[in-house]
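Below, chain A is the first sequence line, B the second, and so on; all start at residue 1.
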Amino acid sequence: MNEKYDHKEIEKKWQKKWQEDGIYKTPDFQSDPTKPKSYVLDMFPYPSGEGLHVGHPKGYIATDIYSRMKKMQGYNILHPMGWDAFGLPAENFAIKNKIHPRIAVEKNIKRFKEQLSKIGFNYDWNREINTTDPGYYKWTQWVFLKMLKKGLAYESFEPINWCPSCQTGLANEDLDGGLCERCGSVVEKRPMRQWVLKITEYADRMLKDLDKLDWPEHIKEAQRNWIGKSEGTELEFKIKGNNSPQPPLKLRGGEQSEGELGIKVFTTRVDTLFGVTYLVLAPEHPIIEKLKDSKIENWNEVEKYIKETKAKTEIERTDAKKEKSGVEIKGIKAINPANGEEVPIFVADYVLANYGTGAVMAVPAHDERDFKFAKKYNLPIKQVIIPRLIDKSNPHIEGKETIFRDAVIVVVKNPKTDKYLCLKWKKHPWVTFVMGGIDKGEGAIEAAKREIEEETGYKNVKFIENLGLAQSEFYAAHKGVNRVAHTRNLFFELVNEEKSKISEEESEIHEIEWRSFDEIQNSDMTHSEMPLILDGLKKGMKPYTEEGILFDSGEFTKIDSETARERITKKFGEKVTKYKLRDWVFSRQRYWGEPIPVVHCQKCGVVSVSEKDLPVTLPEVERYEPTGNGESPLENITDWVNTKCPKCGSPAKRETNTMPQWAGSSWYYLRFIDPKNSKTLVDPEKEKYWAPVDVYVGGDHAVRHLIYARFWHKFLFDIGSVSTIEPFARLEFLGFILAKDGKKMSKRWNNIINPDDIVNVWGADTLRMYEMFMGPFENTIAWNDDNLIGVRRFIERIWKFSLIAKKTEEGNNNQKLENLLHKTIKKVTEDIENYKFNTAISTMMIFLNELEKLDHTSNVSKTVFDTFLKLLAPFAPHMTEEIWHGFGHKTSIHLEEWPKFDESKIKEENTLITIQINGKVRGQLEIKTGASEETVKEKALNLSEIQKWLADKKAKKVIFVPDRIINFVI
RNA sequence: GCCAGAGUGAUGAAAUUGGUAAACAUGCGCGACUCAAAAUCGCGUGCCGCAAGGUUUGUGGGUUCAAGUCCCACCUCUGGCACCA
């Protein structure tokens, strides 16, 4: 062996040998059925024209290490690799470089494979798949046909997202903030014929089953958000003409049966039903058309508004920050089913047509958006939910009488001085605003003015704003009763300082004090309403969107929100569940995708291509640029398009839309199990053996791919093609590698680092270890050339050590070393299992440091070193294999058995105990493991450095944690 | 705005789940080897202090013998959702 570790020669040699020996071939079933299987999968790459950068292999290295360990532990490993090659990027690359996408993909795959092979992965290339291979996409098409048969695929003519630059329709999942996720163009809404998959049918199951998955919480959360389940109530508001008081409007006979006309609304907060002050329809709401000729008085205005809305882009329309707009539909009113109140109806674009019922009951007092709208159009705001404020410093006293009352708290500001009128109580330690009860028959503002004059003498005040209503519960010490008060918090300003005389009685109770805003904010004012008042003064009135107690709500008054929702729903509506998730727009007007396997027959309509005629292959064409007219380029290939109806034989046309990029990747993990089967998608026996994927590794795609794949998988489960309800049991999230400059690696920034270069200079094993040692696997970290040297040094030190290490059993097995070895086995094994590769590597570094120290005095036995090599083998497969053979072994280290640790050897003879005095570290003590408190205490107290601190004081308390710490409290 | 996660040296980070904060590595400083440099090896390296010692995990408070870890409030960053009623 050479003194210097020559990675180039060694890596080449072993990669060739492993290939020849086929050590990574995966048998479908293990001869010993008691041995378990493990399916370890990476998200397969999209073979782009740019080739791999160093970020790509990070996940592949992790699964390589993991699966190598699993294999050594006796698992039957399925660890395959393939290519996701349909879709826009490949097609655009081909157009730009003027080659056929098929050729481009072939070239790119070849390049990717070369790059990957240099890193020394253990893939079983016999199972390679490619989504653009007709033998593969035959089954993608097959799944589509099954969905069609079950009614889960359907044609739709609804407006969908259209990217004018990519010239294709897109699914909701393909948008990023209203922009095309691919090219960043503003997406338009375009009505067009398209194929749609009913993913919504699976929304609930996909949501529920998330709980069963061992996935990172943030990904599950992203999926929950995307599915967006909300439970609420649907109820109907009847419509009535302005001038025809009774009865409500009826539909005229004809196509629709006669009945009262109504608007259905969906709400998650029926508890606010009594606070409805108007209704809002989405501009697309169909009822508007129905009402048009009869009742709408201002049709021109309404029509104009609807047209304007349609002209807006989706982003313009859904920008929450923009000012709300809308138009009242004059001539009709809606009737609140709860109290019979008539409220106006508006059309406004802040209501979305495709969520809920496309109509909303507006409760401005309790909803941000309705509030903004109501403020703008000066609509009434009626508070019906009030917060419940319990005064903790003056709680109700049991046994005392409880008195309800309506009250006002009056904030009076002197605009000249910017100070607020407060009362300092003489017999109680209180500072309050003016306050008092509302007398019978008296209005709140009236009561407030009366109280101001009675308590402070000020005669001329002006009402400014309502700061909100609350129910406060406290013990009124001055009256000796428990109080439940509905307090209106009102804000006034002094007009002038004219005063009347205050009664003696009043001036006995309190004195006036003017305080600045800061003072009222920071001092202890007695009201439990203070947060509400301060907020109101600072920001003006805001809608109260939390739950509380119902107010002014007929028979439901005083009930809490939750109970009220149940009861009101029962009485006036119906409980419903809605999802944000929309059906999956599944057709693309582009060439490079799986043809959708149906034909359009003049007689029979849409007819499936029969299964035996699958795959419907993509025709070879000269021109495959998008047409831009909303049709696929396939439209022009007449001899492909024109065909016969499989049902009746009459002339028919093939469907020319193709499937989106995400189709092939929605089930590929199943094909790896049985990649060459031409009879079925996956052999059931093999599927039962291998499924589900035990560990799935990848980044990004938190929503799209993982939602789609779960949906397809559940469908395949329903039709009996797979035996599990979820495809990926465990998911490990991969953090990206950024370029040195902290930016994303891209051609645009010219900062791409090619793994080939790193492998050349530093070697594959160094690249592998560096990427794993960078930090926690899920962290996004910038590449740093400087740190490569660290792992390279580590590798060279092992190499050098192997040259001097004993190759026989003669070595002296020092007990300390053996102890460390077993600890190392334990830690490395657990860390790989948990994808904590960075700490696994540091543990091995510690072990090597120790080895080198020891070597001066003793030799290390072959067994110890062999064991260490095995631990290292998954990380540095080339170097360990070379050393292994140098030690005289004839078979591959990667087929060895994974070391097991011996619990008894991990226990140390002596432990270092920390001695603390009052929690501060004052010394250490080495003592036999498991020593008793008495022994430790005695020894510790005898140490001079401890005596120094204790002086003559005695410990009040001693805390002892065996083998860890002793703390004297003095 | 809502939801989730995170804030620790110059840098990437570690910390047995409440028990010596900064393991491991990079960088930096000093030294050895060398004519010299690189490589390699040795020592040092949170901050203040000559030292004894003090002090330190985003900020402020709390629980505890003991807090990076638990609780409360706030600030900042990252990711997801966002006019979804």
Side-chain angles (χ1 to χ4, degrees), chain A residues 4 177-178 216-226 228-230 232-233 265-269 272 280 282 317-322 324 348-352 354-363 366-370 372-373 545 578-582 700 702-703 733 735 769-770 773-776 778-791 793-794 796-797 800 823 826-827 830 836 838-849 852 912-924 948 955-970:
Chain A
K4 184 108 177 87
E217 201 42 52
H218 73 274
I219 297 196
K220 291 202 215 179
E221 201 52 38
Q223 298 226 341
R224 286 190 197 107
N225 276 337
W226 192 261
K229 179 178 179 168
S230 58
T233 307
V265 298
F266 172 72
T267 176
T268 52
R269 293 294 303 270
T272 64
V280 196
R317 212 185 130 172
T318 58
D319 181 6
K321 279 171 225 124
K322 81 155 202 251
K324 306 258 174 296
D349 64 2
Y350 80 89
V351 172
L352 307 173
N354 53 2
Y355 183 76
T357 60
V360 166
M361 58 175 229
V363 188
H366 303 293
D367 182 279
E368 260 352 296
R369 296 151 300 179
D370 300 341
K372 278 187 195 154
F373 191 82
T545 56
K578 300 275 178 197
Y579 298 93
K580 277 200 304 188
L581 183 74
R582 299 294 142 79
D700 219 354
V703 171
F733 184 81
M769 284 199 124
Y770 167 64
F773 190 58
M774 285 177 91
E778 67 279 7
N779 281 20
T780 294
I781 303 168
W783 183 267
N784 183 350
D785 277 331
D786 291 347
N787 286 329
L788 274 162
I789 190 75
V791 281
R793 276 179 195 148
F794 176 59
E796 274 176 18
R797 279 163 57 206
K800 273 189 208 148
K823 276 188 181 165
K826 182 168 195 263
K827 177 83 175 140
E830 286 170 358
K836 289 162 87 175
N838 56 332
T839 46
I841 292 172
S842 71
T843 304
M844 291 189 290
M845 286 173 166
I846 292 169
F847 186 77
L848 179 68
N849 290 347
E852 287 178 335
L912 219 49
I913 289 188
T914 302
I915 307 163
Q916 294 185 335
I917 291 169
N918 282 344
K920 293 208 173 190
V921 180
R922 296 301 181 196
Q924 285 186 335
K948 183 175 89 185
K956 262 192 290 185
K957 200 171 165 189
V958 180
I959 286 106
F960 176 70
V961 182
D963 297 336
R964 197 143 289 175
I965 214 159
I966 186 158
N967 188 6
F968 298 97
V969 186
I970 54 170

Pick base, sugar-phosphate or nothing for [X], based on heavy-atom distances below 4.0 Å to the nucleic acid.
| X | value |
| --- | --- |
| N354(A) | nothing |
| K324(A) | base |
| N838(A) | sugar-phosphate |
| E217(A) | nothing |
| V703(A) | nothing |
| F794(A) | nothing |
| N967(A) | base |
| R793(A) | sugar-phosphate |
| P216(A) | nothing |
| D370(A) | nothing |
| T780(A) | nothing |
| I965(A) | base |

[X] side chain: which of [options] is closest?
| X | options | value |
| --- | --- | --- |
| T914(A) | U20(B), C24(B), G19(B) | U20(B) |
| K580(A) | A14(B), A23(B), C81(B) | C81(B) |
| Q916(A) | A13(B), G19(B), C24(B) | G19(B) |
| N849(A) | U20(B), A25(B), G80(B) | A25(B) |
| T839(A) | C24(B), U55(B), A15(B) | A15(B) |
| H218(A) | A4(B), C81(B), A13(B) | A4(B) |
| F773(A) | G12(B), G80(B), U55(B) | G12(B) |
| L352(A) | U40(B), G19(B), C83(B) | C83(B) |
| L912(A) | A15(B), C65(B), U20(B) | U20(B) |
| I781(A) | G80(B), G12(B), A15(B) | G12(B) |

N/O donor-acceptor pair under 3.5 Å between R269(A) side chain and T545(A) backbone: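 Side chain of R269(A) to backbone of T545(A): a pair is present.
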
Check for a donor-acceptor pair, side chain of N784(A) on one end and backbone N or O of D786(A) on the other, with a separation under 3.5 Å. yes

Whole-Å distance separating the [atom1] atom of [X] from the [atom2] atom of [N]:
| X | N | atom1 | atom2 | result |
| --- | --- | --- | --- | --- |
| E830(A) | U17(B) | CD | C1' | 14 Å |
| E796(A) | U40(B) | CD | P | 7 Å |
| D786(A) | C28(B) | CG | C1' | 12 Å |
| R797(A) | C24(B) | CZ | C1' | 11 Å |
| F847(A) | A23(B) | CZ | P | 21 Å |
| M845(A) | A14(B) | CE | P | 14 Å |
| Q924(A) | A21(B) | CD | C1' | 14 Å |
| M774(A) | A14(B) | CE | P | 13 Å |

P gap between A52(B) and G46(B), integer Å: 14 Å

Does G44(B) sit syn or anti, given that only angles within 90° of 0 count as syn? anti

For G54(B), does OP1 or OP2 lie under 4.0 Å from any side-chain N or O of R922(A)? yes

Under-4.0 Å side-chain N/O to phosphate OP1/OP2 contact, N225(A) with C2(B): no

Give a yes-or-no answer on whether the side chains of Y350(A) and D370(A) include a donor-acceptor pair shorter than 3.5 Å. yes

Stepwise, does the salt bridge (charged side-chain N to carboxylate O under 4.0 Å, His left out) test hold for R224(A) with E221(A)? CA-CA 5 Å; R224(A) 286 190 197 107; E221(A) 201 52 38; 2.9 Å; yes

